[in-house]
S.K.: 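Starting off with a structure, shown below.
No hydrogens, no waters, no symmetry mates; every other heavy atom, side chains included, goes into these values.
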Amino acid sequence: EPEVTQTPSHQVTQMGQEVILRCVPISNHLYFYWYRQILGQKVEFLVSFYNNEISEKSEIFDDQFSVERPDGSNFTLKIRSTKLEDSAMYFCASKRYSNQPQHFGDGTRLSIL
Amino acid sequence: GIQVEQSPPDLILQEGANSTLRCNFSDSVNNLQWFHQNPWGQLINLFYIPSGTKQNGRLSATTVATERYSLLYISSSQTTDSGVYFCAVGYAGGTSYGKLTFGQGTILTVHP
């Protein structure tokens, strides 16, 4: 069964540095999402992406965040100047049609020092 | 935005016992998914169930969309069922692109 693939599985970065989290959604999917989960808390929506543009974003998704789908297969989340509170598990998800379930990757655990 | 409440927050069982987890939501949805988060943090999709009833082995789920709740049943629990169970809901249509809103989760511990 096709899977959503995320890399790296764990990223450790110094505060203030830029990080790029990478995702390869399922190949024929059209809707893409990023979520984050701070340790011990619930999963929170960050941003959705459809038709090569951001379709919806949460209050968390401020100017330090950006997303790209640079080549039709990868879907990236960039955090420009990381803060301690950005430490979390970041999940990528995708789906083919609006009335179908979202498929989640295994997540990238981001640790900011 | 939509509110999602899960109950109970914690559940401790002996192996072999049955359990019911509940998810209440505050608005109309056309997407509801149940996930199991394992100790490695992976979100395992259990059910996509915006309405009706589904069964998969020892697990089954029912969503009554008109009354805004869903139930997850675990029968004959095993130690490997331990973890956090999340309900997530969303609406796709119009200007909404189906983002999921997660509940706080139910932490299930199954003792041998």
S.K.: Would I60(A) end up clustered with I79(A) when hydrophobic side chains under 4.5 Å apart are linked, directly or stepwise?
M.R.: yes

S.K.: Quick check on Y97(B) against chain A: is it the side chain, the backbone, both or neither that has a heavy atom closer than 4.5 Å?
M.R.: both

S.K.: Where do F47(B) and L59(B) land on the side-chain contact (heavy atoms from CB on, under 4.5 Å) test, with the steps shown first?
M.R.: CA-CA 9 Å; F47(B) 292 103; L59(B) 302 182; 3.8 Å; yes

S.K.: At their closest point, which heavy atom of N45(B) faces which heavy atom of Y48(B), and how far apart are they?
M.R.: ND2-N, 4.4 Å

S.K.: Does anything in residues 17-36 of chain A reach chain B? List residues with heavy atoms under 4.5 Å apart, or say none.
M.R.: Y31(A), Y33(A), Y35(A)

S.K.: Minimum heavy-atom separation for S73(A) to R69(A), with atom names?
M.R.: O-NH1, 3.4 Å

S.K.: Do V84(B) and F86(B) come within less than 4.5 Å of each other through their side chains, counting heavy atoms only?
M.R.: yes

S.K.: Decide side chain to side chain donor-acceptor pair (under 3.5 Å) for N74(A) and T76(A); before the verdict, give the C-alpha distance in whole Å, the side-chain angles of both, and the deciding distance to 0.1 Å.
M.R.: CA-CA 6 Å; N74(A) 292 286; T76(A) 62; over 6 Å; no

S.K.: For L113(A), I'd like to know if atom CG has over 12 heavy atoms of other residues, nucleotides or ligands within 6.0 Å.
M.R.: yes

S.K.: Are S58(A) and K99(B) side-chain neighbours, meaning at least one heavy-atom pair lies under 4.5 Å?
M.R.: no

S.K.: Is any side-chain heavy atom of N18(B) less than 4.5 Å from a side-chain heavy atom of S77(B)?
M.R.: no

S.K.: Is the shortest side-chain heavy-atom distance between T7(A) and T108(A) below 4.5 Å?
M.R.: no

S.K.: Report, by ascending residue number, the residues of residues 29-40 of chain B in heavy-atom contact with chain A at a distance under 4.5 Å; give 'none' if the set is empty.
M.R.: N31(B), Q33(B), F35(B), Q37(B), W40(B)

S.K.: Between R22(B) and E5(B), is there a side-chain heavy-atom distance shorter than 4.5 Å?
M.R.: no

S.K.: Heavy-atom distance under 4.5 Å to chain B: side chain of S48(A), backbone, both or neither?
M.R.: side chain

S.K.: Counting only heavy atoms not in E59(A), do more than 12 sit closer than 6.0 Å to its CD atom?
M.R.: no

S.K.: Kindly indicate whether the side chain of R58(B), heavy atoms from C-beta on, has any atom under 4.5 Å from the side chain of D81(B).
M.R.: yes

S.K.: Please confirm whether F75(A) and F49(A) have ring centers closer than 6.0 angstrom.
M.R.: yes

S.K.: If you count heavy atoms of other groups shown closer than 6.0 angstrom to CD of Q55(B), is the number above 12?
M.R.: yes

S.K.: Heavy-atom pairs under 4.5 Å with chain B - which of R109(A), Q41(A), Q37(A), E44(A) has more of them than the others?
M.R.: Q37(A)

S.K.: Which residues in residues 80-105 of chain A have a heavy atom less than 4.5 Å from any heavy atom of chain B?
M.R.: M89(A), F91(A), K95(A), S98(A), N99(A), Q100(A), P101(A), Q102(A), F104(A)

S.K.: With a 6.0 Å cut-off (strictly less than), is the heavy-atom count around CG of N51(A), excluding the residue itself, greater than 12?
M.R.: yes

S.K.: Does K57(A) come within less than 4.0 Å of D62(A), counting only side-chain N to carboxylate O?
M.R.: no

S.K.: Which residues in residues 100-112 of chain B have any heavy atom closer than 4.5 Å to a heavy atom of chain A?
M.R.: L100(B), F102(B), G103(B), Q104(B)

S.K.: Taking the side chain as everything from C-beta on, heavy atoms only, tell me whether D106(A) gets closer than 4.5 Å to Q6(A).
M.R.: no

